[in-house]
Amino acid sequence: QVDVTAMARLFGYVDVTDSGFIVAVLSIAFNPLFWNVVARWEHKTRALSRVFGSPHAACYCLGAVILMLNCVRSHCFTEAMKSQPKLEGLDCHWAYYLGLAVLAVGTLFVISSFLALGFTGTFLGDYFGILMEAKVTSFPFSILDNPMYWGSTAVYLGWSLM
């Protein structure tokens with residue numbers, strides 16, 4: 001038997017029928033699906049590299065598309081958060097500052113990951129045959145295995161708390 005009381009309480013705070021919420025969920029699910037499918041397709045066919053004339057140009061173009069999709073996802077997420085009911089317990093200064101701190105740590109992990117990996121290391125360059133000379137072990141990879149993912153999650157959690 002499964003106790004669903006926790007889920008029932010959660011759905012009391014989240015309006016899953018709100019169109020903004022649905023669009024945000026779809027954009028959150030679509031982004032990694034899209035870039036992984038495109039990157040795997042490129043790895044198998046090298047079609048983007050042929051179209052753009054080089055693997056680097058193709059990787060930069062896919063990276064630009066991923067960045068634009070991330071902007072859309074962030075906008076959808078922000079709009080969905082605005083339209084959702086707020087927990088009364090989180091409507092205070094400490095929750096705001098906690099959210100700000102979590103957002104800052106997440107941003108630190110995302111930016112430092114990007115700086116350590118570079119553009120092609122961040123945006124799936126390995127699928128285009130663009131490999132790094134050595135495994136990155138400097139900060140933040142010295143602390144976490146997947147700092148970009150943990151950092152992005154922390155950014156959205158921080159926004160949610162704020």
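Position 1 is the first residue of the sequence; numbering continues from there.
- Summarising the geometry, atom SG belonging to Cys71 is positioned 12.5 Å from atom CD1 belonging to Ile66; distances are rounded to the nearest 0.5 Å.
- Two residues are said to be in side-chain contact when any heavy atoms from C-beta on lie closer than 4.5 Å; Val38 and Leu48 meet this criterion.
- Within the structure, salt bridge (charged side-chain N to carboxylate O under 4.0 Å, His left out) contacts touching residues 75-102 (residues at least two apart or in different chains) are Glu79-Lys82.
- Rounding to the nearest 0.5 Å gives a distance of 12.5 Å between CD1 of Ile22 and SG of Cys76.
- Using a 4.5 Å cut-off between side-chain heavy atoms of Ile, Leu, Val, Met, Phe, Trp and Tyr, with links allowed through other members, Phe77 and Val23 fall into different hydrophobic clusters.
- Alongside Phe141, the hydrophobic cluster contains Leu117, Met132, Val136 (criterion: ILVMFWY side chains under 4.5 Å).
- Rounded to the nearest 0.5 angstrom, Leu87 CG and Leu161 CG are separated by 9.5 Å.
- Criterion: ILVMFWY side-chain heavy atoms under 4.5 Å apart, direct or through other members. Under it, Leu90 and Leu157 are part of a common hydrophobic cluster.
- Of all heavy-atom pairs between Pro32 and Asn36, the closest is O-ND2, 2.8 Å.
- Within the structure, every pair that satisfies the side-chain hydrogen bond (donor to acceptor under 3.5 Å, both in side chains) test and touches residues 46-56, not counting sequence neighbours, is listed here: Glu42-Ser49.
- Sorted by first and then second residue, the pairs that involve residues 64-73 and meet side-chain hydrogen bond (donor to acceptor under 3.5 Å, both in side chains), not counting sequence neighbours, are Asn31-Asn70, Asn70-Arg73, Arg73-Tyr156.
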Listed pairs under 3.5 Å, donor-acceptor, residues 108-116 side chains, sequence neighbours left out:
{"unit_1": "Ser112", "atom_1": "OG", "unit_2": "Leu108", "atom_2": "O", "d": "2.7"}
{"unit_1": "Ser112", "atom_1": "OG", "unit_2": "Phe109", "atom_2": "O", "d": "3.4"}
{"unit_1": "Ser113", "atom_1": "OG", "unit_2": "Phe109", "atom_2": "O", "d": "2.6"}

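- Across every non-hydrogen atom of Ala57 and Phe52, the tightest pair is CB-O, 3.8 Å.
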Side-chain donor/acceptor pairs under 3.5 Å, residues 143-154, sequence neighbours excluded:
{"unit_1": "Ser152", "atom_1": "OG", "unit_2": "Met148", "atom_2": "O", "d": "3.0"}
{"unit_1": "Thr153", "atom_1": "OG1", "unit_2": "Tyr149", "atom_2": "O", "d": "2.9"}

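- Looking at heavy atoms from C-beta onward, Thr78 lies in side-chain contact with Trp159 at the 4.5 angstrom threshold.
- With values rounded to the nearest 0.5 angstrom, Leu100 atom CG is found 5.0 Å from Met162 atom CE.
- Heavy atoms only, all atoms of each residue included: Asp15 and Pro85 are closest at N-CD, 4.4 Å.
- Thr5 pairs by the side chain to side chain donor-acceptor pair (under 3.5 Å) definition with Asp3, not counting sequence neighbours.
- Linking ILVMFWY side-chain heavy atoms closer than 4.5 Å, directly or via other members, places Leu67 and Leu69 in a single hydrophobic cluster.
- Considering only residues two or more places apart in sequence or on other chains, Phe30 meets the ring pair (Phe, Tyr, Trp, His ring centres under 6.0 Å) condition with Phe34.
- Pairs passing the side-chain hydrogen bond (donor to acceptor under 3.5 Å, both in side chains) check and including a residue from residues 123-140, sequence neighbours excluded, do not occur.
- With sequence neighbours left out, the side-chain contact (heavy atoms from CB on, under 4.5 Å) criterion links Val16 to Phe11, Val14, Phe21.
- Atoms OG1 and CG, on Thr120 and Leu62 in that order, are 12.0 Å from each other to the nearest 0.5 Å.
- Linking ILVMFWY residues whenever their side-chain heavy atoms come closer than 4.5 Å, directly or via other members, leaves Val105 and Tyr96 in distinct clusters.
- In plain terms, the two heavy atoms of Leu103 and Val155 that are nearest each other are CD1-O, 3.8 Å.
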For this session: List the steps, then state whether side-chain contact (heavy atoms from CB on, under 4.5 Å) holds for Trp35 with Leu124.
Result: CA-CA 9 Å; Trp35 71 63; Leu124 307 165; 3.7 Å; yes
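- Residues forming a side-chain contact (heavy atoms from CB on, under 4.5 Å) with Ala80 (at least two apart in sequence, or on another chain): Ala24.
- Hydrophobic cluster membership of Val37, counting Ile, Leu, Val, Met, Phe, Trp and Tyr whose side-chain heavy atoms lie under 4.5 Å apart directly or via other members: Leu33.
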